[in-house]
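Counting starts at 1 for both ligands and their atoms, in listed order.
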Amino acid sequence: MPVGDNRTAVTVAPLLSNDQRQQENVQQEQQHQHVQQKGITDETKTGGKEIATSTENNSVGEAGAADDDAVAAASTDTAASAGAADGDDVTPADPDGALTNGYGYTPPMPWFGMDIGGTLTKLVYFEPTDCESAADEDEETLKNIRKYLKSNFAYGDSGRRDDHLQMDNVRMGERSGTLHFIRFPSSEMTAFLELAKSKGMATMASTICATGGGANKFEDDFKKEVNLDLHKFDELDCLIRGIEHIEDQNYHECYYYLNPGDQKDYTTGTYDFSHPFPFLVVNIGSGVSMLAVDGPDSYRRVSGTSLGGGTFLGLCCLLTGCSSFEEAIALAAEGDNKNVDKLVRDIYGGDYNRFGLGGSLVASSFGNMNVESRRQKISREDLACATLVTITNNIGSIARMVADNHNIDRVVFVGNFLRVNPISMQLLAYAMDFWSKGQLSAIFLKHEGYFGAVGCLLELLRSGKEDKKSQDLSSCCTATSHCTGIICTGSTVVHTCHSNICCSAAAVAAAPCVNTCCHASTAAKTCHSLCSANTSTVQPCYRASNCATICGVSCSAPCAHSQNTRFNFCHSNPVSLCPSSSNSCRHGSHSCCATPCSTCSGPTTIVNTCSQKTHCGHGNCCKPNNTSSCDKQNDAGCEKQKSTICGRPDEASSSKKTTETNFSVGQQQQCDCCKQQQQQPHHNTSFYNGMPQRASNTVVTCSHYPAAAPCMPCGGNSCTGHCASFSPCGSFSATAHPGCSSSHQLSSCYCCNKVNNSKRRLCPVEKCTSNRHNWSDIADVSGSSSTGGIGSNSSHISRDDVVPGVSCSCNNKSTAAGRCNKGDCCHSDHKH
Ligand SMILES: Nc1ncnc2c1ncn2[C@@H]1O[C@H](COP(=O)(O)OP(=O)(O)OP(=O)(O)O)[C@@H](O)[C@H]1O
Ligand SMILES: CC(C)(CO)[C@@H](O)C(=O)NCCC(=O)O
């Protein structure tokens, strides 16, 4: 990995000290711990929400394997921990072909999805609230479990319910209800199993599906302790399923940083992920997996790194003596990585302009810690901060390269490493934006590390797998009894049963089906008695191939993937969430709009006027009343959003965009944004020692540039210089050397010598004269000896041009060895 190339220059400490939300999150976590230490146990009931953490800054996920693994795509039976090999195309497991058109199996309650990771176990509990919940309640143990889970925020010593993430009115298979999110350290599995046993889980005919490495590791324990057979699913399949589903169910799931470079005044906004593919998932769990997602059922694990959340926590505990993730984050928030890291300016004394490396950029993580005196000055907080920044920047760096390699421009960061960790999120957002010059978007998800657990439950619902116990009991309703599907004692299957979930006639009448009617084509399902035959589709309007009428709202048929919609959300959505075309149904958006998106207001959301840009709330920032792209000088909203915003409108006219930038931080942001009206690309030509790095014959107009100086295209001082006649190679040819393609020449700043086929560095690296008083470069050493010591002419060429070992002289005096070597300089006393 090229040092510096991908690192961000964020000053973390001030950023964090101003981040109230982050502190709040950590405080709330601490409050949890405090409460728990005070003796709130699994039996204790708490009335209100113990965690009121803002979800604004939270995100999550899971993990993956090494780049060159040759593992076959995991099967549903064995894939709990393996993940697919990097680069393999994977279609999430679909053993019964049930994926494409809804859900193949409705297991009995209670529904749990469990993701047993290397550090944390995530448990998702689905509480049905639709018409059948009354029937579900009938079973006493089930009722107790439900009550226990819902009325507590802490379970045992280390279990926590993330109340702030709770999702109401969620569809899971054919049911709607509430999702509860619980986590505990995987190291506490034994205690968890004991607790589950004490709550009667061992006597229940429940279905537990599990994913993550622990589904394999703890399988026998589940069987032994609570008599549960685990339905195992691959962790990465589940992760992708979970992300897609939660995003579909919650319009505000995805968010992004509008101005991540602004350490004090950054904001977040909902990210419109209605057209998601392709995107890169970076799952930062104990380790990190990176998945390129090409379509609804297609992804590849393209990379990963073992330097992940587990590394941060482990190193932090070692370095600071902290004992929890929350403490580590709180320490980092108070520290300053610059005391620990070696910055570019520590090496250069300022910016390294040639390659756009600002002085405050981290050049070497922990690079100052070799010096005793520096070690004396640092605090635990500084160490925590440096550890966090190191791990985060490394992940960001890899993510950017992977996205680049796969031609992906949206990176979705998930995983519990990002829990209560806005430092890392902001760093990642800034890194993606800055190093890609606004081309890459970093997206964060509110449900953090829970997608694997949700996806696991979905996989079960889709799989058609049947729990042995429930199989025996699935067809057991009487007309009068309330059935839960698992406690029926009769043997009559009544017409109100569908998909193994039984409803009493009374329950059905009281609360008619909610999106649970079946289309005739879903033959596997029995149509609910209250649905008139064939007139309604089940909720698989989501990902379904056909879509008729439901809830009185029509979808344009056929319901292609991009047009899928959740009709029941159509009425309540604000118009500003709509794409520009009216009446569009968008997958995942929950927004079915009747009017064009014309009511967007505010400086950052004018959409229709934005040269065909159609998204609201996406960071697009257009001048009202005309079709130009953003004008950061005139538009206050754009001003705030800097290059991110400027990049987007430019995308619409890529020919006008120049991405070549070697400017320092400030300059680059200036240059990224050219007025579209000018119809002129700016040409970011960087300079070194007064020489242009590359030639250009483009007339450039850089009105955005604060001054002409940084914008010289070809050696002059004018911003509008013409470079046609300029030859940076002088007597050298740019094409003569076979290994010296023009692109090579441009990027590496070399020219090729036709005569001897050697390369010549165009930009002087160092001159003896400038750095060493009274010394001069050895020059012209390519030929015979003693012709052309530096003293005899004034052409100071690069020290790099000196060919090692070639005979030469220094002002006609031989050097001591009679030879010049690379880097030799000639002193004015001519003796050396
Ligand atoms: N309360 C916590 N306790 C421990 N780690 C936490 C906690 N909250 C957040 N983390 C961070 O989250 C990471 C674990 O994330 P996550 O749960 O997504 O991964 P995992 O499933 O345990 O790991 P993997 O997927 O690699 O097996 C930890 O390494 C740590 O950095
Ligand atoms: C091993 C898994 C997949 C377990 O979730 C995860 O921790 C991970 O992706 N680790 C990184 C492995 C690597 O690619 O180097």
- Message: Heavy atoms only: which of G309, G118, S286 lies closest to atom 31 (O) of ligand 1?
- Response: G309
- So is E235 polar-close to ligand 2, meaning N/O to N/O under 3.5 Å? yes
- Select one of side chain, backbone, both or neither to describe which atoms of T119 lie under 4.0 Å from any atom of ligand 1, heavy atoms only. both
- S303 and I398 have their tightest heavy-atom pair at OG-CG2, 4.2 Å
- Message: My understanding is that we take every heavy atom of each candidate and find the minimum distance to atom 30 (C) of ligand 1. Doing that for Y450, F184, F451, F325, which one comes out nearest?
- Response: F325
- Message: Within the 4.0 Å heavy-atom shell around K122, which atoms of ligand 1 are there?
- Response: 16 (P), 17 (O), 19 (O), 20 (P), 21 (O), 22 (O)
- side chain to side chain contact (heavy atoms under 4.5 Å, CB included) test vs F181 passes for just one of M167, R161, K122, namely M167
- Message: For a side-chain contact (heavy atoms from CB on, under 4.5 Å) check, start with the C-alpha distance between F112 and L457, then their side-chain angles and the critical distance, and finish with the verdict.
- Response: CA-CA 7 Å; F112 287 107; L457 188 48; over 6 Å; no
- Item | Chi angles and distances behind the side-chain contact (heavy atoms from CB on, under 4.5 Å) call for E225, T190 | CA-CA 9 Å; E225 297 301 323; T190 307; over 6 Å; no
- Query: Is it true that G212 lies under 4.0 Å from ligand 1, counting heavy atoms only?
  - Reply: no
- Query: Can you tell me how far SG of C385 sits from CG of L331, rounded to the nearest 0.5 angstrom?
  - Reply: 10.5 Å
- Message: Can you confirm whether K224 is buried at NZ, in the sense that more than 12 heavy atoms of other residues, nucleotides or ligands lie under 6.0 Å from that atom?
- Response: no
- Task: For a side chain to side chain contact (heavy atoms under 4.5 Å, CB included) with H447, tell me which candidate from V124, L179, L165 qualifies.
- Result: L165
- Query: Given T268 and F444, is the side-chain contact (heavy atoms from CB on, under 4.5 Å) satisfied, shown in steps?
  - Reply: CA-CA 10 Å; T268 58; F444 302 93; over 6 Å; no
- Taking the minimum heavy-atom distance to atom 7 (O) of ligand 2, which of G310, S306, G287 ranks first? G287
- For L313, the ligand 1 atoms whose distance to one of its heavy atoms is below 4.0 Å: 4 (C), 5 (N)
- Could you tell me which atoms of ligand 1, counted from 1 in the order shown, lie closer than 4.0 angstrom to a heavy atom of E326? 1 (N), 2 (C)
- Ignoring angles and geometry beyond distance, decide whether L120 reaches within less than 3.5 Å of ligand 1 through its nitrogen or oxygen atoms. yes
- Looking only at distances, please establish whether an N/O atom of ligand 1 is found under 3.5 Å from an N/O atom of D115. no
- Item | Proximity to ligand 2 by part of L236, non-hydrogen separation under 4.0 Å | neither
- What atoms of ligand 1 come within less than 4.0 Å of a heavy atom belonging to G287? 26 (O)
- Message: With a 6.0 Å cut-off (strictly less than), is the heavy-atom count around CG of N407, excluding the residue itself, greater than 12?
- Response: no
- Between R380 and E334, is there a salt bridge with N-O shorter than 4.0 Å? no
- Query: With a cut-off of 4.0 Å, which atoms of ligand 1 are near a heavy atom of R183?
  - Reply: 1 (N)
- Return yes when G310 approaches ligand 1 closer than 4.0 angstrom through a heavy atom, no otherwise. yes
